[in-house]
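Below is one structure, written out as structure tokens, with a few remarks after it.
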Amino acid sequence: MLNVSMLSVLQAKKRIEHEIVKTPLIKSDALSLHVGSEVWLKLENLQKTGSFKLRGALNKISSLSKEELGRGVITASAGNHAQGVAYAASLTGVSALIVVPKTAPETKRAGIQRYGAELVVHGDNYDEAEAYAYRLAEETGRTFVHAFEDNEIISGQGTVALEALLEQPDFDAIVVPAGGGGLICGIAVAAKALNPAIEVIGIQTHASPPWYYSFKERRLADVTYSDSLADGLHGGISQGNLDLALTIVDQFVLVEEEQVAHAMYWLAKEHHYMVEGSGAVGVAALLHGHLPYLKGKKVLNIVSGSNVDAAKLGKIINSYT
């Protein structure tokens, strides 16, 4: 069972605060006007390595024993967690082996190698990459660093909410991209500890909807996957994260691929940010009316990452101009 608390989030904050960027929290006047709410953006797209994932990776690596670090680390990732682990490992001179699926964008692969990690491409999706990484961990003896089913990873991700709520404590709801669940579980732990009435809403795409159906059925549901712009949210979830989310997350919502593309374009046009599909799903849900009951409320939206191939984003922008 996972055991994450406000105390562990605070401990994570102390461990990582000198290595991360305290990312900006800005009010989006354009989105607020469109939605009829007061919408703020937590800009984790401006984090080192281009994603919130650095927070959890730094917290996890810094919590490992000398013996665990000495064996080197290994992980599987759609790309952002991998960059976080590679960066965190580079700070301490630890050897890192990273397995990514074939769908991982080139910008994420380049980031992994830039931080000195060994890159292995295997599998058509995250689940296949993860299975291969576990096999390599057994063969090499490396310490496996899970992308989301881990107390230290979740606690590190929870510092996103802690930062935002210390700056603006009176949000009514938080809209969060949901992939494996490390971010939404960490955010929900911190947010509910500070304000039990706050609503935490996870966003996925129809192309990868395990949270939506598993949360509804209160068990791990079998779902069909298809290609998605939100590659960082692609893949299955774990029993541990589901059990935790069922106690602290309020609901999950699905958005369409074309809505994700529009949100990526909108963020570039209105705020001049490069945002990957995974980071834009919350804006997609708000722009396209999936959360109408938030009208009149103060809403925090997590923009989780910026690691999108420039050519892909350029093609999306050109399709709207």
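For the pair Leu194/Met6, a side-chain contact is recorded, criterion being any heavy-atom separation below 4.5 Å from C-beta on. Two residues are said to be in side-chain contact when any heavy atoms from C-beta on lie closer than 4.5 Å; Ile20 and Ile16 meet this criterion. You'll find the side chain of Arg71 reaches within 4.5 Å of the side chain of Glu67, heavy atoms only. At a threshold of 4.5 Å between non-hydrogen side-chain atoms, the residues Pro24 and Leu46 count as touching. Leu2 has its side chain within reach of Glu149: a pair of non-hydrogen atoms, C-beta onward, lies under 4.5 Å apart. Contact check for Ser214 versus Ile237: side-chain heavy atoms found under the 4.5 Å cut-off. Between Val281 and Gln204 the shortest side-chain heavy-atom distance does not fall below 4.5 Å. Looking only at side-chain heavy atoms (C-beta outward), Lys216 and Tyr212 come within less than 4.5 Å of each other.
Remark: side-chain polar atoms of Arg142 are paired, donor with acceptor, to backbone N or O of Ser95 under 3.5 angstrom. For Asp231 (side chain) and Ala104 (main-chain N/O), no donor-acceptor pair under 3.5 Å exists by modelled atom type. Side-chain atoms of Asp150 come within 3.5 Å of backbone atoms of Ile153 as a donor-acceptor pair (strictly under, hydrogens ignored). Not one N or O on the side chain of Thr159 forms a donor-acceptor pair closer than 3.5 Å with the backbone of Leu162. No donor-acceptor pair under 3.5 Å is formed between the side chain of Thr107 and the backbone N or O of Val308. Within the 3.5 Å criterion, the main-chain N or O of Glu68 finds a donor-acceptor partner in the side chain of Thr143. Listed for the Ser208 side chain is no donor-acceptor partner under 3.5 Å among the backbone atoms of Thr205. In this structure, the side chain of Ser228 engages the main chain of Ala230 through a donor-acceptor pair within 3.5 Å. A donor-acceptor distance shorter than 3.5 angstrom exists from the side chain of Asn125 to the backbone of Asp127, with no hydrogens or angles considered. Ser51 contributes no side-chain N or O that, together with a main-chain N or O of Gly305, makes up a donor-acceptor pair within less than 3.5 Å.
In this structure, Leu10 is a member of the same hydrophobic cluster as Leu166, with clusters built from ILVMFWY side-chain heavy atoms closer than 4.5 Å. Hydrophobic clustering, with ILVMFWY side chains joined whenever heavy atoms are under 4.5 angstrom apart, groups Met264 together with Ile26. At a threshold of 4.5 Å between side-chain heavy atoms, the hydrophobic network of Ile, Leu, Val, Met, Phe, Trp and Tyr places Val39 and Val283 in one connected group. Residues Leu286 and Leu33 are members of separate hydrophobic clusters, defined by side-chain heavy-atom contacts under 4.5 angstrom among Ile, Leu, Val, Met, Phe, Trp and Tyr. Hydrophobic clustering places Ile184 together with Ile302 (ILVMFWY residues linked when any side-chain heavy atoms are closer than 4.5 Å, directly or through intermediates).
To the nearest 0.5 Å, atoms NZ (Lys108) and OG1 (Thr49) are separated by 10.5 Å. Taken to the nearest 0.5 Å, the NZ atom of Lys298 stands 5.0 Å off from the CD atom of Glu38. Annotation: the span from Phe171 atom CZ to Leu300 atom CG amounts to 4.5 Å, rounded to 0.5 Å. Leu294 CG to Asp172 CG: the interatomic distance, rounded to the nearest 0.5 Å, is 8.5 Å. To the nearest 0.5 Å, atom CG of residue Leu54 and atom CD of residue Gln157 are 9.0 Å apart. In this structure, OG1 on Thr321 lies 12.0 Å from CD1 on Ile316, to the nearest 0.5 angstrom.
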One pair to check against salt bridge (Lys or Arg N to Asp or Glu O under 4.0 Å): Asp124 and Lys102. What are the steps and the verdict? CA-CA 5 Å; Asp124 293 325; Lys102 296 171 186 174; 3.6 Å; yes

Starting from the C-alpha separation in whole Å, work towards a yes-or-no answer on side chain to side chain contact (heavy atoms under 4.5 Å, CB included) for Ile154 and Asn241. CA-CA 9 Å; Ile154 296 171; Asn241 290 79; 3.7 Å; yes

Under the side chain to side chain contact (heavy atoms under 4.5 Å, CB included) criterion, do His290 and Ile203 qualify, and how do the steps go? CA-CA 10 Å; His290 292 285; Ile203 312 297; over 6 Å; no

Determine whether Leu220 and Gln239 satisfy the following criterion, side chain to side chain contact (heavy atoms under 4.5 Å, CB included), listing intermediate values before the conclusion. CA-CA 7 Å; Leu220 291 176; Gln239 188 66 53; 3.6 Å; yes

Pair Asp170, Asn195 - check side chain to side chain contact (heavy atoms under 4.5 Å, CB included), show working. CA-CA 9 Å; Asp170 57 341; Asn195 176 13; over 6 Å; no

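Each of Gln11, Lys14, Glu19, Arg15 was compared with Asn59 under the side-chain hydrogen bond (donor to acceptor under 3.5 Å, both in side chains) criterion, and only Arg15 meets it. Checked against Glu163 for a salt bridge (Lys or Arg N to Asp or Glu O under 4.0 Å), the options Lys13, Arg55, Lys22 give a single hit: Arg55.
The salt bridge (Lys or Arg N to Asp or Glu O under 4.0 Å) test applied to Glu152 returns Lys60, not counting sequence neighbours. Judged as a side chain to side chain contact (heavy atoms under 4.5 Å, CB included), and not counting sequence neighbours, the contacts of Val21 are Thr23, Gln47, Lys48. Remark: Asp250 pairs with Lys192, Glu199, Val200 by the side chain to side chain contact (heavy atoms under 4.5 Å, CB included) rule, at least two apart or across chains. For Glu256, the side chain to side chain donor-acceptor pair (under 3.5 Å) partners two or more places apart in sequence, or in a different chain, are His206. In terms of the side chain to side chain donor-acceptor pair (under 3.5 Å) criterion, Asp222 has no residue partners (sequence neighbours excluded).
Pairing each heavy atom of Ala173 with each of Ile198, the nearest pair is N-CG1, 4.0 Å. In this structure, Gly279 and Val275 approach most closely via the heavy-atom pair C-CG1, 3.6 Å. Ala30 approaches Trp266 most closely through the heavy-atom pair CB-CZ2, 3.7 Å. Among all heavy-atom pairs drawn from Ile112 and Ala82, the shortest one is CD1-CB, 3.4 Å. Between Gly181 and Trp211, the shortest heavy-atom distance links the atoms CA-CZ2, 3.6 Å. The shortest non-hydrogen separation linking Gly282 to Val175 is CA-CG1, 3.7 Å.
Under the 3.5 Å distance criterion, with hydrogens and angles disregarded, no donor-acceptor pair is assigned to the side chains of Thr103 and His234. Side chain to side chain, Tyr126 and Glu130 meet the donor-acceptor criterion of an N or O pair below 3.5 Å.
Cluster partners of Tyr134 are Ile74, Leu97, Val99, Val120, Tyr132, Leu136, Phe144, counting Ile, Leu, Val, Met, Phe, Trp and Tyr whose side-chain heavy atoms approach within less than 4.5 Å, directly or via other members.
Counted within 6.0 Å of CD on Glu138, heavy atoms from surrounding residues, nucleotides or ligands total 12 or fewer; the atom is thus considered open. The 12-atom threshold is exceeded at CG of Asp243, counting heavy atoms of other residues, nucleotides or ligands nearer than 6.0 Å.
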